Amino acid sequence: MYKLLKQCGRAKRGEFTTPHGTIQTPVFMNVGTLAAIKGAVSTEDLENIKCQVQLSNTYHLHLRPGDKIVHQLGGLHKFMSWNKPILTDSGGFQVFSLASLRKIKEEGVYFASHIDGHKIFMGPEESMQIQSNLASTIAMAFDECPSAVADRTYVQNSVERTTRWLIRSKNEMDRLNTLDETINKKQMLFGINQGAIFPDIRIEHAKIISELDLDGYAVGGLAVGETHEQMYHILEETVPYLPKNKPTYLMGVGTPENILEAVERGVDFFDCVLPARNGRHAHVYTNYGKINLLNAKFELDDEPIEPECQCPACKRYSRAYIRHLFKAKEMLAMRLCVLHNLYYFNTLMEEIRTAMDEDRFVEYKKQKLDGFKRGVEGKPTNKTRKQ
RNA sequence: GGAUGGGUUCCCGAGUGGCCAAAGGGGCCGGACUGUAAAUCCGCUGCAUAUUUGCUUCGAAGGUUCGAAUCCUUCCCCAUCCA
């Protein structure tokens, strides 16, 4: 259940209560596709980096270890030893990312497993059944995420099918939640808005799905190749047509800049692989933009990644040391950077919430974006700070 | 002292007359990554430059040839074996 605590312009500050605890929003959901955040991050670690919600994936867990196995083991929470909320993505994104391995039909999608090539079918009912077996807190409707460059006719047809799939998803979830063997009988369902970069299709779709009284509403199909300006524009056009008294979730986004811009436009849930993936690839976030620790200029840099950061990496280790770990291919390098990046994102959200509570979100956002824009080169030194 | 194998661009290592500034790795340097087929992928790596081209390079010095990292001579090193 979502409680809107405050609005700053269109920006929403809220609280979302679930059977697994209350989520303070705006929130960043930490992505652990295979029931683990890549980079050797444990559940204990997540407690140290302010993680409120984890995200896992229907398609991937269906293939490995198999949702029935997770069900037999008591559901995802017990399986991965995490008692806070978990959102499962429906497999809709894999319809996009595994484009060469699938075929879309009205009944659903035929995939060739990316692991061994065996044929699998997933429609709305199958996706809900898998997610019910996984017993996540929040299930996502099964959708198609069309490419940003798809033409209007394609998108129109795709969105209409996604609507039909949403209704089937909801019916199936309602049914599953009444079954004896269901682990989480209060599993929530979020619908997903699509429409690529066509505002009228987006708005029309938003209006239709808003009538279904779902637990939350996502905007999908963004950050898949369009420009940032197009993404922000779509949010401005679309979000006002989604229910204010429900969470609004921008799927798969994004950079700290993207998040600040989207919060301003009314989004309160986010998820993104970037902090984890970039961390594994030595790119780390600072208040003065993203830096690549592999760069030679950090060879003798004795500073932490972000001097103002209180994460497990920044409290103890220098950029030079972590750079060395990357060069030496020590997995601690990735682990530290993933922890830092996730801490950075979760802290960013915390700061956003505090700023909204204190009615200074606009100033906060501006100050943050200014810092990112200046970059590490433009960072004020002790000397310039005194002046 | 004798026998054999070998010395290639930062490193390892292919190449044995032209298509060779020289395969392939590694390293170095740089880039990408947005509901994770990603601990991945891409580019660059002799010098100088207008993406054309010029110059220098394959242990050293000579030589053969229109043309040599590749063939010949001598020398210098290295490895293994025999004395």
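Everything quoted here is computed from the prediction, not taken from an experiment. Every heavy atom of this structure was used, including side-chain atoms; hydrogens, water molecules and symmetry mates were not.
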- Query: Can you name the residues that form a salt bridge (Lys or Arg N to Asp or Glu O under 4.0 Å) with A:Glu226, not counting sequence neighbours?
  - Reply: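 A:Glu226: no salt bridge (Lys or Arg N to Asp or Glu O under 4.0 Å) contacts found.
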State which residues pass salt bridge (Lys or Arg N to Asp or Glu O under 4.0 Å) with A:Glu125; sequence neighbours excluded, sorted by chain then number.
->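 A:Glu125: salt bridge (Lys or Arg N to Asp or Glu O under 4.0 Å) contacts with A:Arg168.
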Give a yes or no on whether the backbone of A:Arg265 and the side-chain of A:Tyr232 come within a donor-acceptor separation of less than 3.5 Å.
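A pair under 3.5 Å: no.
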Heavy atom of [range] under 4.0 Å from RNA chain B: which residues?
range                       : result
residues 237-267 of chain A : A:Met251, A:Gly252, A:Val253, A:Gly254, A:Thr255, A:Asn258
residues 200-226 of chain A : A:Gly221, A:Ala223
residues 142-170 of chain A : A:Asp143, A:Cys145

Mind checking side chain to side chain donor-acceptor pair (under 3.5 Å) for [X] and listing every partner two or more places apart, or none if nothing turns up?
X        : answer
A:Glu237 : none
A:Asp370 : A:Lys366
A:Ser56  : none
A:Arg360 : A:Glu358

If you link I, L, V, M, F, W and Y whenever their side-chain heavy atoms are under 4.5 Å apart, who else ends up in the same group as A:Val31?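 Besides A:Val31, the hydrophobic cluster comprises A:Tyr2, A:Leu4, A:Phe16, A:Ile23, A:Val27, A:Met29, A:Val53, A:Leu55, A:Leu87, A:Ile138, A:Met140, A:Met188, A:Phe190, A:Ile192, A:Tyr249, A:Met251, A:Phe269, A:Val273, listed by chain and residue number.
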Table of protein N/O atoms under 3.5 Å from nucleotides 37-40 of chain B N/O atoms:
residue: B:A37; atom: OP2; partner: A:Gln94; partner atom: NE2; Å: 3.3
residue: B:A37; atom: OP2; partner: A:Ser97; partner atom: OG; Å: 2.4
residue: B:A37; atom: O5'; partner: A:His60; partner atom: NE2; Å: 3.1
residue: B:A38; atom: O2'; partner: A:Arg280; partner atom: NH1; Å: 2.9
residue: B:A38; atom: N7; partner: A:Arg277; partner atom: NH2; Å: 2.8
residue: B:A39; atom: OP2; partner: A:Arg280; partner atom: NH1; Å: 2.2

Does any pair with a residue in residues 106-122 of chain A pass salt bridge (Lys or Arg N to Asp or Glu O under 4.0 Å), and if so which ones, sequence neighbours excluded?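 Only A:Glu106-A:Arg164 qualify under salt bridge (Lys or Arg N to Asp or Glu O under 4.0 Å).
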